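Report on one structure; see the data block that follows.
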Protein chains: 2
Amino acid sequence: MSEIESDAPPPRRPTMKDVAREAGVSTSAVSFALNNRPGVSDSTRRRVIRVADRLGWRPSSAARALSGESAGAVGMVLARPADSLGGESFFLQLVSGIQASLAPRDQALVFQMVDDVQAECELYRRWWAEGRVDGVIVVDPRVSDPRPETLAVLGLPAVIIGGMEAPGSPDAPQLPRRARLSNIWADDSGAMDLIVRHLYGLGHRRIGHIAGTPGFAHTARRIASLRAAARRLGLEHAVSVTTDFTDRQGAKAARRLFSAPVPPTALICDNEVMAVAAVSVAAERGLLIPRDVSVVSWEDSVICHTLHPQLTALVRKADEFGGRAAAQLLALLDGGAPRQLQDPLPRLESRESTGAPPA
Amino acid sequence: MSEIESDAPPPRRPTMKDVAREAGVSTSAVSFALNNRPGVSDSTRRRVIRVADRLGWRPSSAARALSGESAGAVGMVLARPADSLGGESFFLQLVSGIQASLAPRDQALVFQMVDDVQAECELYRRWWAEGRVDGVIVVDPRVSDPRPETLAVLGLPAVIIGGMEAPGSPDAPQLPRRARLSNIWADDSGAMDLIVRHLYGLGHRRIGHIAGTPGFAHTARRIASLRAAARRLGLEHAVSVTTDFTDRQGAKAARRLFSAPVPPTALICDNEVMAVAAVSVAAERGLLIPRDVSVVSWEDSVICHTLHPQLTALVRKADEFGGRAAAQLLALLDGGAPRQLQDPLPRLESRESTGAPPA
DNA sequence: CGCTGATGGTAACGCGGTTTAGTTGAATCG
DNA sequence: CGATTCAACTAAACCGCGTTACCATCAGCG
């Protein structure tokens, strides 16, 4: 291919004015025609649409946002230190699902990572003031979370993923009635029961739990659920150790649990990265899985079934989860009422890493 | 907390008009004051800034985009099937780095996933026509990639990550001079040399390569580099098998390589997911690592050093990589000239998965 | 004292859409 | 046949910002 000498005509994005001129009508007529509003004849409408198509016209999102009050975008913020997401595949899958829901509606996704929830609230305020997004998807709810309050005050629609207490819970925060917050909550308690029953059925009576970050709502719920289940079943003991979700602290927690005078015979790990770390620590100590210790990962990903032994894991389709959340947000943006809905209980896929405890 | 009866006054985002009224000046004066332009006295400027601060004013991104021609956002598209990103941590890290560069400049990141590069080009056209982004970051360049051309025609500034041929290469596509494309290219050839020399030094003469997707430019480069290195060093053989980057195909490729009449004594895997898969297949066949076979992962992540044996891996800081790319894009948006720059050679971190070949 | 030039500010316009209020021309009706 | 009504379309205002042109005031100066 030879050097291209004559640059193509300066590329200017076509505007409604161009379409109007070309079609021989006013810009208002173009607007009516393209938005399926009454005010133009069918023949004109068709002509305008044809011209717009030919010119490759697309509404300027900025102009539309300015007059239409809709930014055509939703936001998502991740408030975790980058290193704590090392090998977690959950979020990429989640985002992938969110996309899939958003794309057909031509909604863009604005994504940002920040250090903490304070910064996240700041960012929400900024996005709101800038009119950058129409709504947001909130992840990783905390036990005492300032975000719902912030969003409620701003009147920014949001879907909180895995958040808040079960509806009707006395702990559920009271928010201004204006709040347009939907909530998709995961039944952590039910999921924990699933795991504990599986382990109990295999004969385990001493369970260690490598949990997530203390401030996270789901961490708190899981810890409480484990304790409740332990009481109910009369387990010898069930200990939760909190971490920051990294392999490092996962390994540390595993060492600590293994070093107890009466070590657990089964480990529940709140993500797959820590599950792998736990397996690794077990190997270090010469413990065979599942002969000496069983391991369950609360989150599935390729490594869980690529590794040997394959890890028993709680399987939830993160992309479908994200898709549902985005759909909820769109419903909210369409004027729908806020809803509380529960995500289906994940499935516990039993693989090679769980078995009967040593005699 | 009791039910909140009296909703706070309807939250309306403050505009320049509000600031102007409050400060007792015209909106133009506010504009001058807030954008550090001459035309107002220092005292007025300070007063306006104080008022704006107090009201929490932020420029409407839409309005600014409409008049200023700048969307205040950059885009990034990922054209891979979602399942091929299963456990890869590279992209999240990359995005994290991009963020970090963008945030101080108040640039938002618009993120989207699509099925293929055709759809990606479509999306670029849409984003351009909508005026949604000021520039984009392009990842996963292909051997015959329509994207640079598309972007060049649109005049949309872009940074291509790991892309194009080395500057001056005859294969480098000719683009319109208007093109505002920078390029951060990774020295795949140098990196491959690093790995091959490491393995050669250990005594390996038969190397298997579990490569990525054939259409990807870096896959092609790595395959070619391996072949060149093999010729140079006089290796017995060096075979590349292409995949789709998934654990499944990685495992399949590993099986195929192990089943060869004269199987390789070392495996180079183009990402960590396939490296883990290869390790797994080796275990299946009773092959000990690194005694019977050595494994190198072309990408590091937590699992590489959590697993046992720890995987020898090529370490590049994906977040720093992303940060540099974003910085380049910002420079381009500031009117800087397009640049070709090379990413520093990654480091090969030798861990437990590589050793001398069996006698 | 009138002219000049700088200073500090305002009014008006454009960006690209949407929306409301008119303005036509033709058909309908008394 | 003139008045009424409606469909089809246009003109103009608006969204919130940046920007340019313009205008008042005042100091300096011949």
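Worth knowing before you read on, the calculation uses all heavy atoms, side chains too, and leaves out hydrogens, waters and symmetry mates. Since the structure is predicted, the reported quantities are computational estimates derived from the model, not experimental observations.
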Going by heavy atoms in the side chains, are A:Phe32 and A:Val48 under 4.5 Å from each other?
-> no
Hey, does A:Arg45 reach any base, or is it just sugar-phosphate, or nothing, if we go heavy atoms under 4.0 Å?
-> nothing
Using a 4.0 Å heavy-atom cut-off across all strands, classify B:Ser31 as base, sugar-phosphate, or nothing.
-> base
With sugar-phosphate meaning primed atoms plus P, OP1 and OP2, does B:Ser28 contact a base, only sugar-phosphate, or nothing at under 4.0 Å between heavy atoms?
-> base
Any Lys/Arg nitrogen of B:Asp53 or B:Arg50 sitting under 4.0 Å from an Asp/Glu carboxylate oxygen of the other?
-> no
Using a heavy-atom cut-off of under 4.0 Å over every strand shown, decide if B:Thr44 touches base, sugar-phosphate, or nothing.
-> sugar-phosphate
Nucleotide nearest B:Arg64 when distance is taken to its side chain, options C:dT10, C:dT18, D:dC17 | D:dC17
Which part of the nucleic acid, if any, lies within reach of B:Arg58 when heavy atoms closer than 4.0 Å are counted: base, sugar-phosphate only, or nothing?
-> sugar-phosphate
Between CZ of B:Phe32 and C1' of C:dG9 the distance, given in whole Å, is 9 Å
For B:Gly24 and for B:Ala129, locate the closest nucleotide of DNA chain C by heavy-atom distance; then report the residue assigned to the nucleotide nearer the 5' terminus.
-> B:Gly24
On DNA chain C, more 5' by nearest nucleotide between A:Thr27 and B:Thr27 is B:Thr27
For D:dC17, does OP1 or OP2 lie under 4.0 Å from any side-chain N or O of B:Lys17?
-> no
Using a cut-off of strictly less than 4.0 Å, decide whether A:Ser41 has a side-chain nitrogen or oxygen near OP1 or OP2 of D:dC9.
-> yes
For A:Met16, report the nucleic acid contact type (base, sugar-phosphate, nothing); a contact means any heavy atom under 4.0 Å.
-> base
